[in-house]
Number of protein chains: 2
Amino acid sequence: MVKIRLNSSSIYVFKNPTLEKAIEIISEAVDKKEVLIIVGNCRVKYTGRASSKLELGERILIIKRDGAFLIHRPGGYQPVNWMSGKDTIYHLELIGRKEMLLSMNNAKKTSFENRLEDPPKKNVLQIQAIQRSPPELVRVFFDQIHLLSTLNLEDTGRFSLYASEEDMKKAILLKPDLIEKGFKVVSYEKRTDTGFVDVYGADEQGRFVIVEIKRKTAGRAAMLQLAKYRKSVEMEVNRDIRCVLAAPKIARGTQRLLATLNLEFKRLDPKRCAAILNDEQTQRARISDFI
Amino acid sequence: MVKIRLNSSSIYVFKNPTLEKAIEIISEAVDKKEVLIIVGNCRVKYTGRASSKLELGERILIIKRDGAFLIHRPGGYQPVNWMSGKDTIYHLELIGRKEMLLSMNNAKKTSFENRLEDPPKKNVLQIQAIQRSPPELVRVFFDQIHLLSTLNLEDTGRFSLYASEEDMKKAILLKPDLIEKGFKVVSYEKRTDTGFVDVYGADEQGRFVIVEIKRKTAGRAAMLQLAKYRKSVEMEVNRDIRCVLAAPKIARGTQRLLATLNLEFKRLDPKRCAAILNDEQTQRARISDFI
DNA sequence: GAGTGGATTTCGCAT
DNA sequence: ATGCGAAGTCCACTC
């Protein structure tokens, strides 16, 4: 086992640590809320909202400083097993191989102990990630650890996501003209008895307008939903209302439905919304970009 | 820079490699479809279905052998940026710091070149992950790499997930009595003009039964959907049909709707389904567990 | 390629 | 806590 301390951040790398050494390092890292990367040969068992079993193989386990827990196989975007990290607590233990197999099969320990002749060799490292609510348990059984690294990462960088549906709404609030000249926002995310209206406003002539926003092609569902909103809002305010569907485009073959339901379509490009938010917000951000 | 070859699998670890060395190692690893772990100080820019920007900080980048690409911050369950790995290609480049900032701000290279006095120093490693469809691009700009590891992982272990809705369906196919005594499965996932019926069968008296399965509490939506299925199936077979909603429980306040729509509720515990699948399937699996 | 439905969905925000 | 809607949802599947 070789321990290397990297000079930059507090990054330690351990090559082929014994399981005894590994349990020590991992315990300390979890306590100190450091990020852990563990590469090794393991089995995984999960019980909770569903249950799963993953047989022996080499994987990457990441435990983050907030407790988030990810087991990644060598391929695929998603972790094969995980824990969100909210209220996740950890329990580490060295156990015997037979104990592990019994544990994986949920057999009772007593029946095992009855059959046991020699005390078990402690040759498997069990990592339990436990969550209270919803009750979930992931157990990883490492029989070999190839690589173990503890990381103290500094990451305060701001993350900004542009042109989500949320951002499109913000852009409309900033520039109501995106809907049409003279449009005024009255409120947004107005609750109706059937759901939400994205934006609620008035046009130049003072008529009520409800706006439904879609980031992507607006389809039949969005139109029917908007029509339903119209109904419930008209019941409330007791007058006619204009309905605008704001989206990059409408689905093929829905033109007629749009007309039938007396809805209006306003082309609204998510990227343009992103650009508007950029213009408004990034004057200061741009400076920090060049630091 | 220290290079360590671990004796077990083909695992290499590089401590504080220069960016020149790193680009070499990463290129080779991506070509050979090895798993890569890169820890370093970076910025990230994403454009595609949406767009995002992540400012400077220390993160973990994982590139898997199928091209899956994940950038993880020190906290949080989800990757902050990612690429699924389907048709993802990679482009690596050493660029100057100013070039990077201009690239991150989408400025035109020409305007940059006009302002440029000295040729830029190549002191940032850019990793581009590019996807064709939907068109997406993630760019990571490392100005320092703390830790770089290439992994050749062996992972053929089978993964089994129990008690998903799919498994509940399988359990019913194995033990139709779960629905009721004498129930017989005719087919499953039968297509109708409005959607799918989970299971389609006949009761003891030979009446048609359609079964809708929910892993979780069945609500209003499931009931309306099932009622819709009934209609379209009745149109087809031209006779009355029984509708059974199989779920662990129904939502509060939906009892009346259930009656109104003339649906029946059958309590079906996902865990019990999992146990049944276990009984049927794990006789052999248990043996392999003890290897 | 587009469309549909499920997911250990996750992640918000509302009540 | 619960419930609803959105997500760069992902994913498998059908058309």
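Numbers restart at 1 for each chain; the letters A, B, ... are given by sequence-line order, proteins then strands.
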How far apart are the C-alpha atoms of B/Glu55 and B/Arg43, what are their side-chain angles, what is the distance that settles it, and do they pass the salt bridge (charged side-chain N to carboxylate O under 4.0 Å, His left out) test?
CA-CA 5 Å; B/Glu55 303 190 350; B/Arg43 296 169 200 259; over 6 Å; no

When rounded to whole Å, the CD to C1' distance for the pair A/Glu212 and D/dG5 reads 11 Å

Strand contacts (DNA chain C) in residues 72-81 of chain A, 4.0 angstrom heavy-atom criterion:
A/Val80, A/Asn81

If the threshold is 4.0 Å, N to carboxylate O, is there a salt bridge linking A/Glu264 and A/Arg242?
yes

Full working for salt bridge (charged side-chain N to carboxylate O under 4.0 Å, His left out) between B/Glu212 and B/Lys214:
CA-CA 7 Å; B/Glu212 170 83 14; B/Lys214 290 290 162 205; 3.4 Å; yes

In whole angstrom, what separates B/Phe159's CZ from D/dC11's C1'?
13 Å

Go through it in stages, so that I can follow the logic: the residues are B/Lys33 and B/Asp66, the test is salt bridge (charged side-chain N to carboxylate O under 4.0 Å, His left out), and I'd like the CA-CA distance, side-chain angles, deciding distance and then a yes or no.
CA-CA 7 Å; B/Lys33 299 193 184 307; B/Asp66 60 352; over 6 Å; no

Between D/dG8 atom P and A/Leu161 atom CG, what is the distance in whole Å?
5 Å

OP1 or OP2 of C/dG6 versus the side-chain N and O atoms of A/Arg49: is any pair under 4.0 Å?
no

Given atom NZ of B/Lys249 and atom C1' of D/dG3, what is their separation to the nearest angstrom?
13 Å

Check whether the side chains of B/Asp87 and B/Ser133 place a donor and an acceptor atom closer than 3.5 Å, and report yes or no.
no

If only side-chain N and O atoms of B/Ser133 are considered, is one of them under 4.0 Å from the OP1 or OP2 phosphate oxygen of C/dG1?
yes

Residues which pass salt bridge (Lys or Arg N to Asp or Glu O under 4.0 Å) with B/Arg49, listed by chain and number, not counting sequence neighbours:
B/Glu136

Please state the P separation for the pair C/dT4 and C/dT8 - nearest whole angstrom.
22 Å

Pick the closest DNA chain D nucleotide for B/Gln131 and for B/Lys86 by heavy atoms, then say which residue is nearer the 5' end.
B/Gln131

Judged by nearest nucleotide, the residue sitting upstream toward the 5' end of DNA chain D, B/Ser84 or B/Glu136, is B/Glu136

Without decimals, in angstroms, what is the distance between A/Leu70 CG and C/dT10 C1'?
13 Å

Parallel, tilted or perpendicular: rings of A/Tyr200 and A/Phe208 (30°, 60°)
perpendicular

Using atom CH2 of B/Trp82 as one end and atom P of D/dT9 as the other, report the distance to the nearest whole Å.
8 Å

Atom P, compared across C/dG5 and D/dG8: separation rounded to whole Å:
22 Å

Whole-Å distance separating the NZ atom of B/Lys53 from the P atom of D/dG8:
18 Å

Tell me the interatomic distance from A/Arg132, atom CZ, to C/dT8, atom P, rounded to whole angstroms.
24 Å

